[in-house]
Amino acid sequence: MRYWSLLFLVTAALCVGSFVYAMFDPNWWLLHNVSVRSPLHFGAEIDRLTMLVLAITGAVFVLTMLALSWALWKYPASPGRVAQYSHGNHKLEIVWTLIPAVILVFLAFYQMGSWADIKFRSRRPKSAPLAQVTGRQFNWLVRYPGVDGKFGTTDDLHVINNLHIVKDQAVLIDLKSQDVLHSFFLPQIRLKQDAVPGMTIPVWFDVDTPGTYELVCAELCGWGHYKMRGLLTVHETQAEFNEWMTSALAEQNQTQPAGATAPDAQASDPATTATDPASSTVERS
Amino acid sequence: MDLTVPMESCIRETLRVTLRFRLAFVAGFLTWTVSGCNEFQPQAPLPYASDKATSAKLADKPKVQARVSQLVSQLFGPNTEELRVPPGAPLPEAGARIASQVLLAEGDSTKPGPVIHEAGKPDTPIRGGLGLYREHCMHCHGASGDGNGPTALFLWPRPRDFRTGVYKFTSTEGTGVDSKPTRQDLKRTLLDGIDNSSMSSFAAVLTPSEIDQVLDYIVFLSLRGEVETTLATLGQDVSEDDAETDLSEDVAQEAIDLVFGRWTNAAERVIAPPSARPEATPESIERGKQLYLGAKGLQCFGCHGLDGKGNGESFVDYRSFVRAVFQGNPSQDKIDELKDFAEKNSKKWADDWGQPLRPANLQAGRFKGGRRPIDLYWRVAKGINGTPMPAHFSSSGGSLLTSDEVWDVVNFVLALPSEKSLLEGAKAVELAPSTDTANNLPSAGSPDPSQQPAS
Ligand SMILES: [Cu+2]
């Protein structure tokens with residue numbers, strides 16, 4: 001039955017084919033990388049390493065599958081042939097142990113610079129942290145230090161699942177957890193860092209394109225894990241960011257019901273807080 | 001004896017078995033891949049679970065109980081999947097968004113819900129509140145909205161039971177079922193979650209339109225539950241033989257009008273503070289601190305503690321609380337003593353849903369009902385519905401706070417998390433006996449001192 005070898009060959013070809021197809025289809029491939037042209041460009045760094053590992057493992061996969069198919073084709077079961085005893089081949093074994101070992105050691109040293117840039121505390125930006133992000137079942141609690149630049153004062157801004165930064169600015173985040181392990185994952189920046197209860201872990205990154213990106217939890221943290229989804233908003237300019245901060249602070253400092261004016265104006269009209277109009281996207285059929 | 005024959009047949013048998021096994025395996029594998037892993041589908045639509053307190057009212061009147069269920073299912077649909085909205089329901093779009101299909105008011109035919117129009121795309125029906133609720137909310141809040149879903153047991157505070165129609169964090173006047181949340185109140189809870197609880201924020205999980213759909217459905221669950229409770233209360237005065245006639249459809253309409261009325265005018269009953277918030281000066285914070293410590297006879301510290309950590313004397317001690325919530329640790333030797341204590345005090349430290357609760361730790365700076373000054377004003381001024389946290393503001397004065405004093409307390413509470421030294425070594429304010437008596441002389445508008453709530 002040498003035709004089994006064809007099955008293995010076809011399976012391998014499908015695997016390789018799906019990877020090749022995926023690279024040309026943005027829906028299949030990794031999410032669009034937005035940390036490529038920024039000063040830190042961690043996203044580009046990580047993608048470069050990922051592609052290198054993919055190329056090496058891909059080449060090994062193709063060679064292995066070819067060898068497997070060839071062996072199956074060449075030596076099919078044939079009635080009457082006597083089995084042979086073989087003690088093995090020392091040279092061959094040394095070769096197939098050394099090659100992966102060399103590759104692994106190469107990768108281990110080759111990525112050290114990137115690892116240091118992204119994770120070593122000594123390389124973190126010297127600026128003060130932009131925000132504290134605290135994981136909690138099942139939210140990301142974000143706290144900005146406010147005007148005085150200090151955390152834990154009355155002018156802190158507290159927002160939930162909502163992190164705002166400025167384009168091309170290296171931001172430093174203090175990552176914490178209140179309960180269990182969470183993982184701060186920005187897939188479009190290729191950044192992932194576990195949040196560990198009892199520890200404050202610095203995380204730093206930058207983004208090259210303004211927009212709204214996903215912030216998700218990448219550590220199964222409980223039954224509501226999937227609800228732990230937030231948004232990272234990247235502003236074009238510092239002025240735009242400040243504007244957001246001002247309006248968020250104004251909302252946090254609200255002292256009257258929405259729509260009502262301060263009582264001194266004697267015009268408070270609670271009725272204006274009434275049911276807001278039905279969402280515009282939904283209409284009766 | 002020749003052993004070869006049985007041996008051979010045995011081998012042949014084994015081969016046949018493995019062949020059959022392989023065929024069965026392949027067939028099974030194919031069916032599995034073709035059918036896919038189906039989601040769990042209950043055999044029949046889930047029925048509504050009635051509130052215990054409600055069904056207890058009619059425990060000895062099966063006929064009246066049956067009549068109440070009949071009326072409720074005529075009005076709101078027979079089970080948790082076939083929904084009907086009574087005319088005049090206080091829901092936007094007449095309740096059309098609660099499900100992708102709702103039953104028509106009369107008969108059992110269905111009508112489709114609204115569709116989403118998007119430029120360049122064919123119209124798609126909305127998921128509807130029911131579908132979204134089942135995906136995101138049901139595992140905690142339960143299929144009937146009873147706050148008793150499969151994951152509810154892991155949580156403390158427990159998820160809300162929507163059927164009673166009591167919502168903790170509202171901005172409207174009144175207490176209990178009369179203090180209904182406005183659309184804004186409900187929306188804030190869904191968008192921001194409830195800090196210090198397991199209610200998470202859905203701002204990045206649901207679209208604005210989906211949030212509206214879920215809210216409609218939650219209000220629907222409350223309307224249904226409240227009407228059921230109202231009818232059961234009326235049914236207590238009805239004898240078994242008159243169930244049909246005394247609980248007529250007109251009576252049901254009266255119950256509907258009563259319940260819907262509570263919701264319809266919620267937006268007009270929002271409390272706007274009559275005085276503007278004063279600057280959080282050290283003086284204002286100090287005045288707030290003195291009020292907290294009893295300067296006007298309010299004993300905030302009785303529950304929230306002299307150091308603000310939520311460990312006041314008049315509240316249950318932490319061990320009994322842990323025992324009641326988490327069934328305690330059997331190796332603790334004081335367990336029997338605690339049991340008596342817990343039973344005796346269970347009324348005092350449970351909310352209206354029968355769940356034990358703790359006063360907030362004010363030093364933590366985490367506010368369930370929101371951290372905006374207006375949120376805290378509402379908490380102090382009107383209390384937290386369904387819990388021992390009472391209202392502290394009365395426009396008629398008395399021994400309750402004035403609006404300015406409420407703001408002082410708000411300023412104090414907001415300052416406390418960052419200035420923990422504020423309550424260092426704090427002692428309760430001792431009122432001079434003479435003024436005390438004078439203040440407590442029975443007079444119109446001043447509440448009975450024995451009824452005076454601890455804050
Ligand atoms: Cu998580």
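In what follows, chains carry the letters A, B, and so on, assigned in the order in which the sequence lines appear, proteins first and then strands, with residues in each chain numbered from 1.
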Which distance, rounded to the nearest 0.5 Å, do you find between the CD of B/Gln101 and the CG of B/Leu130?
11.0 Å
Residues of residues 135-164 of chain A near chain B, each having a heavy atom less than 4.5 Å away
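Only A/Arg136, A/Gln137, A/Phe138, A/Asn139, A/Leu141, A/Gly152, A/Thr153, A/Thr154, A/His158, A/Ile160, A/Asn161 of residues 135-164 of chain A have a heavy atom under 4.5 Å from chain B.
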Could you look at [X] and say if it's the side chain, the backbone, both or neither that has a heavy atom under 4.5 Å from chain A?
{"X": "B/Asn196", "result": "both"}
{"X": "B/Ser197", "result": "backbone"}
{"X": "B/His136", "result": "both"}
{"X": "B/Ser201", "result": "both"}

For salt bridge (Lys or Arg N to Asp or Glu O under 4.0 Å), just list the numbers for B/Lys382 and B/Glu173, CA-CA rounded to whole Å, side-chain angles, deciding distance to a tenth of an Å, and then say yes or no.
CA-CA 7 Å; B/Lys382 62 174 297 294; B/Glu173 295 162 5; over 6 Å; no
When you compare the side chain of [Y] with that of [X], does any pair of heavy atoms fall below 4.5 Å?
{"X": "B/Trp378", "Y": "B/Thr170", "answer": "no"}
{"X": "B/Leu155", "Y": "A/Trp223", "answer": "yes"}
{"X": "B/Asp408", "Y": "B/Glu283", "answer": "no"}

Should the pair A/Trp244 and A/Phe241 be assigned to parallel (<30°), tilted (30 to 60°) or perpendicular (>60°) ring geometry?
tilted
For A/Phe42, does its backbone N or O pair with a side-chain atom of A/Ser35 as donor and acceptor, under 3.5 Å?
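Pair found, side chain donor or acceptor close to backbone of A/Phe42.
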Looking only at side chains, do A/Asp174 and A/Thr200 share a donor and an acceptor under 3.5 Å apart?
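The criterion, which ignores hydrogens and geometry beyond distance, is not satisfied for A/Thr200 and A/Asp174.
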For A/Glu214, is it the side chain, the backbone, both, or neither that has a heavy atom closer than 4.5 Å to a heavy atom of chain B?
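Contact with chain B: none, neither part.
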